[in-house]
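Following: one structure in structure tokens, then a few remarks.
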Amino acid sequence: MTTKRITIAIDGYSSCGKSTIAKSLAKKLGYIYIDSGAMYRAVTLYCMKNKIIVDGKFSEAEVLKAMRNIHLSFNVNTVTNNSEIYLNGTNVEKEIRGMDVSELVSPISTIKGVREIVVALQQAFGKEKGIVMDGRDIGTNVFPDAELKLFMTADPDIRAKRRWKELKEKSMNVSLDEVKKNLEMRDHEDTHREHNPLRKADDAVVLDNSHLNLDEQLVFAEKLVQGKIR
Ligand code: DC
């Protein structure tokens, strides 16, 4: 039986495990994986490093001007086989995960002009299909015609604990309370912003993974994929 190459859009709240599922599906299918949040994080990191954000404050016009000097790309790490983000040719995959970037990325991602540039790039990555992309507006805005859309959610306390454990494992020193507050703040900003807020696409399938392990989630997702590619 022949299989067709499709577009898979995975959206949902912060720290729901979207990237874990997305990476795994991409590897299984031999598809490209793009972490769209990493792109907004890299823009934020650039603005922090170049003093466009100072004491948490910035002017939208200055951020937009800076976009001219920002080049984002992804390369596959040959050891882990995961795609990692590069900012102007430098791998920033680890640096963009810190709490300092997490505190500022949601406000930066609300800027309309920033979103337009980042979304155009995301659409270019996906123009040949055979892509799994995760984020907040992938099924609603970036790829509204995606063949498969997943909307992931989980209990906020469970998400905060998972994220805190992940940061600890990466030796990042942060309290569970800080992580929880950051998640709440980002959920609120991501669902209430004016441009392309996080919402479930009408044709997305909901996956609540509060009480599912990774294998169970993968069985669920792979069944949906099989239904679309055959
Ligand atoms: O997926 P993440 O937590 O790394 O994303 C970081 C932030 O980027 C998130 O709080 C909101 C923003 N984002 C977005 O606005 N649209 C996307 N498609 C992905 C992320």
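Keep in mind that the numbers below use all heavy atoms, side chains included, and drop hydrogens, waters and symmetry copies. Both counts, for ligands and for their atoms, begin at 1 and track the order of listing.
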So for Arg136 against ligand 1, with non-hydrogen atoms under 4.0 Å, the contacting part is both
Closest approach of any protein heavy atom to atom 20 (C) of ligand 1, naming residue and atom: Gly37 CA, 3.5 Å
Is there a donor-acceptor pair under 3.5 Å between the side chain of Lys200 and the backbone N or O of Gly12? no
Atom indices of ligand 1, in the order listed, that fall short of 4.0 Å to a heavy atom of Ser36: 17 (C), 18 (N), 19 (C)
Would you say the side-chain atoms of Thr110 pair up with the backbone N or O of Pro107, donor to acceptor, closer than 3.5 Å? yes
Donor-acceptor check, side chain of Tyr31 to backbone of Ile6, threshold 3.5 angstrom: yes or no? yes
Checking the N or O distance criterion of under 3.5 Å, is ligand 1 in contact with Arg193? yes
Residue pairs involving residues 49-59 (criterion salt bridge (charged side-chain N to carboxylate O under 4.0 Å, His left out); sequence neighbours excluded): Lys49-Glu95
Distance under 4.0 Å to a non-hydrogen atom of Ser109: what atoms of ligand 1 satisfy this? 11 (C), 12 (C), 15 (O)
With a 4.0 Å cut-off on heavy atoms, is Met133 touching ligand 1? no
Considering only heavy atoms from C-beta outward, does the side chain of Met39 approach that of Ile34 to under 4.5 Å? yes
What's the spacing between Met48 CE and Leu104 CG if we round to 0.5 Å? 6.0 Å
Any N or O of Gln122 closer than 3.5 Å to N or O of ligand 1: no
Ligand 1 contacted by Arg115 (non-hydrogen, < 4.0 Å): yes
Does Ile8 reach the side chain of Phe143, with side-chain heavy atoms less than 4.5 Å apart? no
Closest to atom 3 (O) of ligand 1 among protein heavy atoms sits Arg186 NH1, 2.7 Å
For ligand 1, which atoms sit closer than 4.0 Å to a heavy atom of Asp190? 9 (C), 10 (O), 11 (C)
Run the numbers for me: atoms of ligand 1, each under 4.0 Å from some heavy atom of Asp137, listed by number. 16 (N), 17 (C), 18 (N)
Rounded to the nearest 0.5 Å, what's the gap from NZ on Lys112 to CD on Glu60? Could you check? 11.0 Å
List every atom of ligand 1 that sits less than 4.0 Å from any heavy atom of Val105, numbering the atoms from 1 in the order shown and giving each element. 6 (C), 7 (C), 8 (O)
Kindly identify the option in Gly139, Ser106, Ser14 whose heavy atom sits closest to atom 10 (O) of ligand 1. Ser106
Residues two or more places apart in sequence or in another chain: which of them pass salt bridge (charged side-chain N to carboxylate O under 4.0 Å, His left out) with Glu189? none
Taking the side chain as every heavy atom from C-beta outward, state whether Leu176 and Lys161 have any atom pair closer than 4.5 Å. yes
Applying a 4.0 Å heavy-atom criterion (strictly less than), which segment of Ile138 is in contact with ligand 1: side chain, backbone, both, or neither? side chain
Heavy-atom distances under 4.0 Å decide this one: backbone, side chain, both or neither, for Arg41 against ligand 1? side chain
